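These numbers were taken from a predicted model, which means no experiment stands behind them.
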Number of protein chains: 2
Amino acid sequence: MTSTRPLRADAARNRRLLLAAAADEFAERGLDVSVADIARRAGLGKGTLFRHFATKDDLLAAIVLDRIDALKTVGEQLLDAADPGAALLEFLTVAADQQRQRDLSFLQEAGELNADVTRAREQMFRSVHKLVDRAREHGAVRADITGADVILLMCAPNYVTSYVPDAPPGLWQRYLSIIFDGLRPEGAHPLPHPPPATP
Amino acid sequence: MTSTRPLRADAARNRRLLLAAAADEFAERGLDVSVADIARRAGLGKGTLFRHFATKDDLLAAIVLDRIDALKTVGEQLLDAADPGAALLEFLTVAADQQRQRDLSFLQEAGELNADVTRAREQMFRSVHKLVDRAREHGAVRADITGADVILLMCAPNYVTSYVPDAPPGLWQRYLSIIFDGLRPEGAHPLPHPPPATP
DNA sequence: CAATAAGCGGACCGGGCGGTCAACTTGCTA
DNA sequence: TAGCAAGTTGACCGCCCGGTCCGCTTATTG
């Protein structure tokens, strides 16, 4: 589209600084941190932040877009894995590990208004659906589970651990493991409600 | 302590109106709704709200305290139930059903500063620990699960469904069911991380 | 090295928030 | 029913937030 000439060296560095500071700040203190705090953490002025990202939501969207794209790629690569059950578990592990601490709600909050994020998210969701379908056909997950279910449950381990004050770093793995056991065919009980259509 | 004379009739009614309006508003639109909106929904002035609740957090704490107390009572009653596994599931069902939609984070957010809420929460947690212990001894849940695990997972069904745009009313039951299957002994895989000590 | 445009920063703005207050209304009681 | 304490109200306050703007700095380039 707009053939934009490359960023000046310092500007490129500052952009990276801002993205990193914002990611940390969002992760540690939630989506409500002020842009002033983010800029301060990056060691830059507030004006600089707004030169790089027109709005606070755009900054959030840039971070989320990165992560979703990375996840999408991981998902696609895992489609060729030998063990479909292990592949799905691996995907969920990467997904939960990538978004540390409390930046769980990233997926929805940012996508509301940004078309790029929405599109990337849908591509990533498609990967998940395929992973789940493969795992189901292989008997690695129960028959009554859908991709939409897994997408919804994907962030739960992070959510759950965000409520323990000084959580040890790997605690989320415990809850991913429990939830994944709930997805397995062994000992599965019939589900009381059909899955949602949307995601 | 302070022998306070009973509220005037209209004041008592308004207090109930405010609590109901706040509960609805928090549930529908999250904890960030303005006190002005809550007062408007109750059909009252903002000043009236602050006469009944010194601060917005106090209002939230009053709501949360009610719910936690109710949950504590349910938990204690279920301790006498014949089937410990069914009792635990019933408790989790009541817990998830009680806090509809997105008011999931009630437990932590409000208790941060309010001593009453903290105390009530700890009592309720004690009930959960007992329910889980009984269920474990009975073989209804896996041996490596603790009360703290269940407390953390308690709100997950609501959290998960809060991300589907127009969720059908009972959808949370699906995810409670999946997660509960993950708590059962059949098909359980060893957990990769010890449980947290705190709750 | 000089010229210049790209980048930077912080004072500033409008708006919305939680919370206050003094003038007004109303349920209770004797 | 008269008197008054209890209750109500919305205009108002100070604060902080996202976002703007313009004078200043600096990387780039011929």
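Contact annotation: B/Thr55 side-chain N/O to C/dG18 OP1/OP2 distance is not under 4.0 Å. Side-chain N/O atoms of B/Thr48 include one lying less than 4.0 angstrom from OP1 or OP2 on D/dT9.
Closest approach to the A/Lys46 side chain among D/dT8, D/dC12, C/dC12 is made by C/dC12 (side chain taken as heavy atoms from C-beta onward). Between D/dT8, C/dG18, C/dG9, one nucleotide has an atom nearer to the side chain of B/Lys56 than all others, and that is C/dG18.
Residues A/Leu7 and A/Ile63 do not share a hydrophobic cluster, clusters being chains of Ile/Leu/Val/Met/Phe/Trp/Tyr side chains in contact below 4.5 Å.
In terms of position on DNA chain C, the residue among B/Val33 and B/Arg8 whose nearest nucleotide sits closer to the 5' end is B/Val33. Looking at which nucleotide of DNA chain C each of B/Val35 and B/Asp10 is closest to, the 5′-most match is held by B/Val35.
Rounding to whole angstrom units, CZ of residue A/Arg51 and C1' of D/dG18 are separated by 18 Å. One can place CG of A/Leu17 at 16 Å from P of C/dG7, the figure rounded to the nearest angstrom. For the pair B/Leu44 CG and D/dA6 P, the interatomic distance rounds to 20 Å; values are reported in whole Å. Regarding A/Leu7, its CG atom lies at a distance of 10 Å from the C1' atom of C/dA6, rounded to whole Å. The CZ atom of A/Arg40 sits 13 Å away from the P atom of C/dG9 (whole-angstrom rounding). Distance, B/His52 NE2 to D/dG7 P: 7 Å, rounded to whole Å. To the nearest angstrom, P of D/dT8 lies 8 Å from CZ of B/Arg13. Going from atom CG of B/Leu60 over to atom P of C/dG18 covers 12 Å, rounded to whole Å.
Between A/Asp37 and A/Arg40, at least one side-chain N (NZ, or NE/NH1/NH2) sits under 4.0 Å from a carboxylate O, which counts as a salt bridge. The pair B/Asp10-B/Arg13 does not meet the salt-bridge criterion, since no charged nitrogen lies less than 4.0 angstrom from a carboxylate oxygen.
Heavy atoms of B/Ser34 sit under 4.0 angstrom from primed sugar atoms or phosphate atoms, though from no base atom. Across all strands, A/Gly47 comes closer than 4.0 Å to base atoms (heavy-atom distances).
Looking at B/Asp149 and A/Tyr175, their side chains do bring a donor and an acceptor atom within 3.5 Å of each other.
A distance-only check finds no donor-acceptor pair linking the side chain of A/Arg184 to the backbone of B/Asp181 [under 3.5 Å].
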